[in-house]
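Reading through the structure tokens given below for one structure.
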Amino acid sequence: MLQLQKIRENRDQIIERLAVKNFKATALVDEIIELDNTRRNSQKELDDILALSNQLAKEIGNHYAKGEQGKAELAKQESLKLKAAAKAIEPLLMETVELLNAKLIELPNLPHTSVPNGKTPEDNEIIYEEGVMPRLPENAVPHWDLASTYKIVDFELGNKVTGAGFPFYRGKGARLQRALINFFLDEAIEAGYTEYQPPLLVNAASGYGTGQLPDKEGQMYFAPEDNLYLIPTAEVPLTNIYRDVIVKENDFPIKNVAYSNCFRREAGSYGKDVRGLNRLHQFDKVEIVQIQHPDKSYQTLEEMKEHVAGLLRKLELPFRILRLCGGDMSFTSALTYDFEVFSAAQNRWLEVSSVSNFEDFQANRMKLRFKDKEGKTRLAHTLNGSALALPRVVAALLENNQSAEGIKIPDALTNYTGFKFID
RNA sequence: GGAGAGUUGGCAGAGUGGUCGAUUGCGGCGGUCUUGAAAACCGUUGACCCGCAAGGGUCCGGGGGUUCGAAUCCCUCAUUCUCCGCCA
């Protein structure tokens, strides 16, 4: 959520910036400013009445103490009038505040100045590319075929037991998953992150804090009996640790990492995008989160980008980095880098990571703040990134490393898997 | 799931209808003393809203109510602890 004060002060720039996200903000921004004016006026009016009322209440106390019943009764009558006046304003004020908040959360985060204009993924800017394109054998096949040949991922079994998008991993497939999770976690710990095991279900306040609610409600699984949401990413619990927290400035940077299952309804997805491991309802991901001082968050974003690049390098996967265009960015992000690996048998680039700086957008929703050197309370910046999401990494590993001997496991992983080939 | 007791500032812990945003202790910060430090002593120490400021308002788990006035009384939800039941 954008800061109200900034909206008031920079109306025109905000409208202009949001146009990069193809968001027409003029009407909404003006409405917000108008509502805020109404709110301030009502608030002032109410505060004045309450001030008088408080004063009267004290006087009544004094009258009673002195035994002046008559004066007390008179003051009481006066006080009742004030109370009635306050009662008249209160619902109006509450209504205004609610409406104002509802409008405020409709505004997306401002894109960073480096964000390219654009509407679709085609407009994303490729800023980096690395790795050797694998040369595949003639009879190379996509990962879903390899999965059944080597009996390492069973999609049909998942269909039977749960439904589409919930595969079983089996044998070396399951061990490869476990190896990747441990590898990613160890790399993050090595880079100074603290490991967490978060809850997989969160309450509405947490979903709201990181921005999944209210607008992406339909993407999350929901347990209505208990009013809990299954997390679409560990970002939600991991960032919400700091909801309503005022951290110390010298705690920065706060670096946390968590492995979790992620659950996404993926309503509206179809076709080749959802084939095999390309898009699942339940998948595994290691997520890194940082809470940082506003002056240093972009430096941190670069550091996180390098961390993710390092992982892909060690896995020997060809990858590229995109700077997302305004139209493809998330609602909450100010700048996002997507990482894509090349999955040779499908001949496609697959997104395996998304690294974002949210600046103070999530922090404002969450009231995540810090005290600066002058003792002023300010909003912190939040960042996160996948490091990494497993299924598409597995897809690329299987496809790119296939040969007549089986599937070769990259050297960085063999200590974790305990085997060098899937055969 | 049942019964009972709690939830107060960074922490501990008073306060059971009026001058309480809240006694006190610890911790934090500043100072005196000291070559330096410790100890001791003195001072200071929450968040939010409106306002240039002076000042005003809100917040004692969340929400609602009673009252001229609520941390204090009532209702409700959440949560913690103890006991019982069930259970990986």
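Below, chain A is the first sequence line, B the second, and so on; all start at residue 1.
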Exercise. Quick one: do A/Arg39 and A/Asp36 make a salt bridge, cutoff under 4.0 Å?
Worked result: yes
Exercise. B/C87 pairs with which nucleotide, Watson-Crick or G-U wobble, both distances below 3.5 Å?
Worked result: none
Exercise. Between A/Lys255 and A/Glu303, is the closest basic N to carboxylate O distance under 4.0 Å?
Worked result: yes
Problem set entry | Nucleotide opposite B/C73 in a Watson-Crick or G-U pair, distances under 3.5 Å | B/G65
Exercise. To the nearest angstrom, how far is A/Leu4 atom CG from B/C48 atom C1'?
Worked result: 14 Å
For this session: Could you measure between the two C1' atoms, the one in B/G61 and the one in B/G6, and give it in whole Å?
Result: 11 Å
Seminar exercise, completed: From CD of A/Gln69 across to P of B/G18 the rounded distance in Å is 17 Å
Problem set entry | Spacing between A/Leu228 atom CG and B/A78 atom P, to the nearest angstrom | 12 Å
Exercise. Do A/Asn240 and A/Arg243 have a side chain donor and acceptor closer than 3.5 Å?
Worked result: yes
For this session: Write down the distance between CG (A/Asp251) and C1' (B/G10), rounded to a whole number of angstrom.
Result: 13 Å
Problem set entry | For atom CG of A/Asn203 and atom P of B/A78, their distance in whole Å | 13 Å
Problem set entry | A/Arg39 CZ - B/C48 C1' separation (whole Å) | 11 Å
Problem set entry | B/G17 to B/U72 separation - P atoms, rounded to the nearest Å | 11 Å
For this session: Tell me the partner of B/U34, counting only Watson-Crick (N1-N3 plus N6-O4 or O6-N4) or G-U wobble (N1-O2 and O6-N3) with both under 3.5 Å; none if nothing fits.
Result: none
Exercise. Pick the nucleotide of RNA chain B nearest each of A/Arg40 and A/Asn62; which residue has the one closer to the 5' end?
Worked result: A/Asn62
Problem set entry | Separation between the P atoms of B/A3 and B/U76, rounded to whole Å | 13 Å
Problem set entry | Short N-O contact, A/Asp372 and A/Arg369, less than 4.0 angstrom | no
Exercise. Are a donor atom and an acceptor atom from the side chains of A/Glu45 and A/Asn41 found within less than 3.5 Å of each other?
Worked result: no
Exercise. How does each nucleotide of nucleotides 54-69 of chain B score, in 5' to 3' order, for protein heavy atoms under 4.0 Å: base (B), sugar-phosphate only (S), or none (-)?
Worked result: --BSS--------BBS
For this session: Scan A/Lys371 against the nucleic acid and name what it touches under 4.0 Å (heavy atoms): base, sugar-phosphate only, or nothing.
Result: sugar-phosphate
Problem set entry | Base-pairing mate for B/U19 - Watson-Crick or G-U, with both contacts under 3.5 Å | none
For this session: Determine which nucleotide pairs with B/G43, using a 3.5 Å limit on both distances of a Watson-Crick or G-U wobble pair.
Result: B/C29
Problem set entry | Whole-angstrom distance between B/C60 and B/G55, as gauged at atom C1' | 25 Å
Exercise. With rounding to whole Å, what would you report as the distance between B/C81 and B/C26 at their P atoms?
Worked result: 29 Å
Seminar exercise, completed: Across every strand shown, the nucleotide meeting Watson-Crick or G-U wobble geometry with B/A5 (both distances under 3.5 Å) is B/U80
Exercise. Any ring-ring contact (aromatic ring centres under 6.0 Å, His included) pairs touching residues 282-316 of chain A, not counting sequence neighbours?
Worked result: A/His112-A/Tyr298, A/Tyr193-A/His307, A/His293-A/Phe370
For this session: Say whether, by atom type as modelled, one donor and one acceptor occur between the side chain of A/Ser79 and the main chain of A/Ala75 under 3.5 angstrom.
Result: no
Exercise. In whole angstrom, what separates A/Asn37's CG from B/C50's C1'?
Worked result: 13 Å
For this session: For A/Glu90, enumerate each residue passing the side chain to side chain contact (heavy atoms under 4.5 Å, CB included) test, keeping only those at least two apart in sequence or located in another chain.
Result: A/Leu46
Exercise. What's the CZ-P distance between A/Arg369 and B/G10, to the nearest Å?
Worked result: 11 Å
Problem set entry | Cation-pi check, A/Lys172 onto A/Tyr150 ring (under 6.0 Å, within 45° of axis) | no
Problem set entry | Distance, C1' atom - from B/U7 to B/U19, rounded to whole angstrom | 27 Å
Problem set entry | Same-atom distance (C1') from B/C59 to B/G9, integer angstrom | 11 Å
Exercise. If you measure from the C1' atom in B/U66 to the same atom in B/A71, how many Å do you get, rounded?
Worked result: 16 Å
